[in-house]
Amino acid sequence: MTGGSSLAADPARRLEPVVRLAPAKVNLTLAVLDVRRDGFHDLHSVMVPVDLSDRLSLAVLPPGSEDTLHVVGHDPGPVADNLVLHAIAAARRVARPEWGRAEPPPALAARLEKRIPVAAGLAGGSSDAAAAADAALEAWGVDLDPAARHALAAELGSDVPFFLAGGPALVEGRGERITPLAWLRDADRAGDRPGLLLVTPSCGVSTPAAFAAWDAGARPAMGAARLASEHVADELRRGLRVADLIARASVLAAANDLAPAAAIVEPGLVPFKRALLRLLKRPVGLSGSGPTHWAIYPSHAEAATAADAVRAAIAADDLPAPGPVAPFVAAVRILSSTQPTPPDAQRREP
């Protein structure tokens, strides 16, 4: 670990907020292997970040203040339960030895623009936590080594360590074992950037409830999702092309061991997926425990066209979906890397 910056000496000198973009993730595969002794489940999952992001800004507060959080956009529930505040508190505890002063690192005012649907299988809360911990350390001028950052992320939640990978990754264990994966070898050529269509019913699916249903027997034949997950991870390591990924869409869409469990938790997902399959006429997968469904396209433009078709079907009541309001629909790009927020973005007021 290293520390002792001028900001740590006088954090009040930071007048501008620290800003982070917190991207959503999509599970291209998700194999549930077994239940661990600690009650968690061992996983084998290929995850990718996408350019649907929450925006988080942190500003140092005067001495004697307490951490605060203001949220706009999607409602994440009670502020006291938000992972942003938990991440700031955990980061403060971990940073204390490097802070080098009698008092703890100062309180922070957080503003979260919530653009990622909540309880959607997109890990928006986990991404917010990863972003909050990183931004808090910068606001305090404290630097932690990679091992300490990873331990902090693993403490915050199973999906949080993925967001330290900086791009597509193989996720194993309960989420703490991360192996970065190279993205598609020809995805930087014009017209060769694949796009994802995301459709999220507003019902929300509890991840613990989905795993409880899996434990109770709501699971597919064991082994198929793991085989597909291992295969695509190996292909990405060796250099997969866009056309190859599109050709494997059917295999990827079926490689989610939590899909039957999600259908038990929310039975309305079954007719919804059938209607979506009829509309799109292409494979449709589930991210995490859902309810977000995804379809992969050769380009972002084609994914955007499909998004327009889905919105039109929703408006015409041709796509019945569970939940009190219309589904969230977006066309997104898979990110080959997640770079730090540019300096000009960090200078924007929260």
Side-chain angles (χ1 to χ4, degrees), residues 20-27 30 45 47-58 67-88 110-133 135 153 156-163 175 196-213 256 258-259 261-269 272-273 276 285-294 307 310-311 314 321-332 338 350:
R20 291 290 184 272
L21 295 181
K25 63 83 178 167
V26 169
N27 299 83
L30 176 54
S45 179
M47 294 187 187
V48 293
V50 299
D51 64 354
L52 170 66
S53 302
D54 293 340
R55 183 179 184 273
L56 177 71
S57 60
L58 299 183
D67 296 325
T68 63
L69 174 63
H70 175 67
V71 182
V72 296
H74 292 287
D75 182 7
V79 169
D81 296 335
N82 194 282
L83 283 178
V84 167
L85 291 178
H86 288 287
I88 292 172
R111 185 179 192 275
L112 178 63
E113 296 176 22
K114 194 71 186 153
R115 301 163 180 167
I116 302 170
V118 178
L122 298 174
S126 295
S127 187
D128 294 342
L156 292 171
S158 295
D159 280 338
V160 179
F162 164 74
F163 295 100
L196 284 175
L197 167 68
L198 304 182
V199 187
T200 308
S202 64
C203 52
V205 173
S206 161
T207 298
F211 275 111
N256 187 332
L258 283 183
I264 293 294
V265 175
E266 178 47 72
L269 292 180
F272 170 75
K273 182 176 180 179
L276 196 58
L286 186 75
S287 183
S289 59
T292 296
H293 289 69
W294 57 261
V310 170
R311 293 187 187 100
I314 292 170
V325 298
F328 171 87
V329 182
V332 301
T338 52

>> On a heavy-atom basis, which atom in Val205 and which in Ala210 lie closest, and how many Å separate them?
In response: CG1-CB, 4.5 Å
>> So which atom in Gly204 and which in Pro291 form the shortest heavy-atom distance, rounded to 0.1 Å?
In response: N-CG, 3.9 Å
> Taking atom CG of Asp159 and atom CG of Asn27, what is their separation to the nearest 0.5 Å?
Replying inline: 7.0 Å
> Who passes side-chain hydrogen bond (donor to acceptor under 3.5 Å, both in side chains) against Ser158, sequence neighbours left out?
Replying inline: Arg174
> What's the spacing between Thr200 OG1 and Leu198 CG if we round to 0.5 Å?
Replying inline: 6.0 Å
>> The criterion is ring pair (Phe, Tyr, Trp, His ring centres under 6.0 Å); which residues satisfy it with Phe163, sequence neighbours excluded?
In response: none
> Below 4.5 Å, heavy atoms only, C-beta onward: do Leu156 and Ser126 meet side chain to side chain?
Replying inline: no
> Can you name the nearest heavy-atom pair linking Ala132 to Leu58, along with the distance?
Replying inline: O-CD1, 3.7 Å
>> Applying side chain to side chain contact (heavy atoms under 4.5 Å, CB included), can you list everything that pairs with Leu85, at least two apart in sequence or on another chain?
In response: Asp67, Leu69, Val79
> Does some side-chain heavy atom of Leu276 sit less than 4.5 Å from a side-chain heavy atom of Val310?
Replying inline: yes
> Any side-chain heavy-atom pair from Val332 and Val26 closer than 4.5 angstrom?
Replying inline: no
> Looking only at heavy atoms, what is the nearest atom pair of Ala87 and Ala129, with distance?
Replying inline: CB-O, 3.4 Å
> Donor-acceptor pair, Lys25 side chain versus Gly121 backbone, under 3.5 Å?
Replying inline: yes
>> Please check this pair: side chain of Ser127 against backbone of Ala24, looking for a donor-acceptor N/O pair closer than 3.5 Å.
In response: no
> Between NE2 of His293 and CG of Leu286, what distance do you get to the nearest 0.5 Å?
Replying inline: 5.0 Å
>> Tell me every residue that passes ring pair (Phe, Tyr, Trp, His ring centres under 6.0 Å) with His74, counting only those two or more places apart in sequence or in another chain.
In response: Phe328
>> A side-chain contact here means heavy atoms from C-beta on lying under 4.5 Å apart; do Val265 and Ser206 qualify?
In response: no
>> According to salt bridge (charged side-chain N to carboxylate O under 4.0 Å, His left out), does anything in residues 322-331 pair up with another residue at least two apart or in another chain? List the pairs.
In response: none
> Going through the distances and angles, do Asn82 and Leu112 end up as a side-chain contact (heavy atoms from CB on, under 4.5 Å)?
Replying inline: CA-CA 10 Å; Asn82 194 282; Leu112 178 63; 4.3 Å; yes
> Which atoms form the tightest heavy-atom contact between Arg311 and Ala330, and what is the distance?
Replying inline: NH2-CA, 4.2 Å
>> Given 3.5 Å as the limit, does a donor-acceptor pair link the side chain of Asp128 with the main chain of Val84, or not?
In response: no
> Which residue pairs satisfy the salt bridge (charged side-chain N to carboxylate O under 4.0 Å, His left out) criterion with at least one member in residues 201-211, sequence neighbours excluded?
Replying inline: none
>> Test your reading of the model: is there a side-chain donor-acceptor pair from Asn256 to the backbone of Gly288, 3.5 Å cut-off?
In response: yes
> Closest approach of Ser53 and Arg115, non-hydrogen atoms and distance?
Replying inline: O-CD, 2.9 Å
> If we ignore angles and hydrogens, is there a donor and acceptor under 3.5 Å between the side chains of Thr292 and Ser287?
Replying inline: no
> Can you tell me how far CG of Leu258 sits from CG of Leu30, rounded to the nearest 0.5 angstrom?
Replying inline: 5.0 Å
> Should Lys114 and Asp75 count as side-chain neighbours, where that means a heavy-atom distance under 4.5 Å?
Replying inline: no
